Amino acid sequence: GRVHTEGENLILLTPPPRIPLRNHWIWLGWLNQVMLAWWIKRALKKLSLGPEIWFWTYLHQSALLVKLLKPVKSVYHCVDDWPERLPLENMGQREQVIKDEKALIAAVDTIIYVSSGLLRDYQLPEGKAFMIPNGVDLTLFDLDALESEPIPNDLANLKPPLAGFSGSFGYWFNFPLLEEIAGQNP
């Protein structure tokens, strides 16, 4: 891990690598959180910063970290359906992920989620959870400039129309529609 100062008022703490398989064995998840809490506290002391920190996490497995750090304000920003996604990628058991996420929801002050389907397994406390949907600013994509770019060699011999996909496949994905589109555009 490292500490990086960006401007006058922003200090970024990039944590050291976590021990893998934390979603398979509870004790590894616990150990990761204890080590990270120690590292953050050490960095704060080294920087002569008080214990009054704000903690923002995207990781469902951070409840112990919130408890150990005792932040002034804590936020869980849920950006993915961890109980569905992690088991699909053989990165843990659904029941354990739900248990970890429930503990985090209870531990934090604020929950932000990006889709109404996320966190559907939980009773979210009123006034504590806020949906802020993902979005894109289409004005940032200059389609005229893209059309003047040369086509990459590996795509040059493919017949249009070309379609691409970026994301995850899960229960929410419309596979029949994908098959239909692929069949219409071999």
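Note: hydrogens, waters and symmetry copies are ignored here, and every other heavy atom, side chains too, is used. No experiment lies behind these values; they were computed from the predicted model shown.
For P152, the side-chain contact (heavy atoms from CB on, under 4.5 Å) test picks out D154, L155, with sequence neighbours left out.
L69 is not connected to L59 by any chain of hydrophobic side-chain contacts under 4.5 Å among Ile, Leu, Val, Met, Phe, Trp and Tyr, and they are in different clusters. Using a 4.5 Å cut-off between side-chain heavy atoms of Ile, Leu, Val, Met, Phe, Trp and Tyr, with links allowed through other members, V3 and L10 fall into different hydrophobic clusters. No path of Ile, Leu, Val, Met, Phe, Trp and Tyr side chains, each step under 4.5 Å between heavy atoms, connects I26 with V34, placing them in separate hydrophobic clusters.
Annotation: the span from W39 atom CH2 to L44 atom CG amounts to 9.0 Å, rounded to 0.5 Å. Between the CD1 atom in I181 and the CD atom in E179 there is a gap of 11.0 Å [rounded to 0.5 Å]. Atoms NE2 and CD, on H60 and Q96 in that order, are 8.0 Å from each other to the nearest 0.5 Å. Atom CD1 in I111 sits 12.0 Å away from atom CG in L118 (nearest 0.5 Å). The CG atom of L36 sits 5.0 Å away from the CG atom of L65 when rounded to the nearest 0.5 Å. From Y76, atom OH reaches atom CD1 of I112 across 11.5 Å, with rounding to the nearest 0.5 Å.
For V97 against P83, the heavy-atom pair with the smallest separation is CG1-N, 3.6 Å. Of all heavy-atom pairs between Q61 and D100, the closest is NE2-OD2, 3.3 Å. The shortest non-hydrogen separation linking A107 to V66 is O-CG1, 3.7 Å.
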Self-check item: Pair R18-L28, side-chain contact (heavy atoms from CB on, under 4.5 Å): steps then yes or no
Solution: CA-CA 9 Å; R18 294 176 301 187; L28 284 177; over 6 Å; no
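Residues T57 and V75 are not in side-chain contact: their nearest non-hydrogen atoms beyond the backbone lie 4.5 Å or more apart. Looking at T110 and S74, their side chains never come closer than 4.5 Å, going by heavy atoms from C-beta outward.
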Please output the side-chain donor-acceptor pairs of residues 121-135 that fall under 3.5 Å, not counting sequence neighbours, one pair per line with the distance.
{"residue": "D121", "atom": "OD1", "partner": "R94", "partner atom": "NH2", "Å": "3.2"}
{"residue": "D121", "atom": "OD2", "partner": "R94", "partner atom": "NH2", "Å": "3.2"}
{"residue": "Y122", "atom": "OH", "partner": "E101", "partner atom": "OE1", "Å": "2.6"}
{"residue": "K128", "atom": "NZ", "partner": "I105", "partner atom": "O", "Å": "2.7"}
{"residue": "K128", "atom": "NZ", "partner": "V108", "partner atom": "O", "Å": "2.7"}

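Atom NZ of K73 sits in a crowded spot, with more than 12 heavy atoms from other residues, nucleotides or ligands closer than 6.0 Å.
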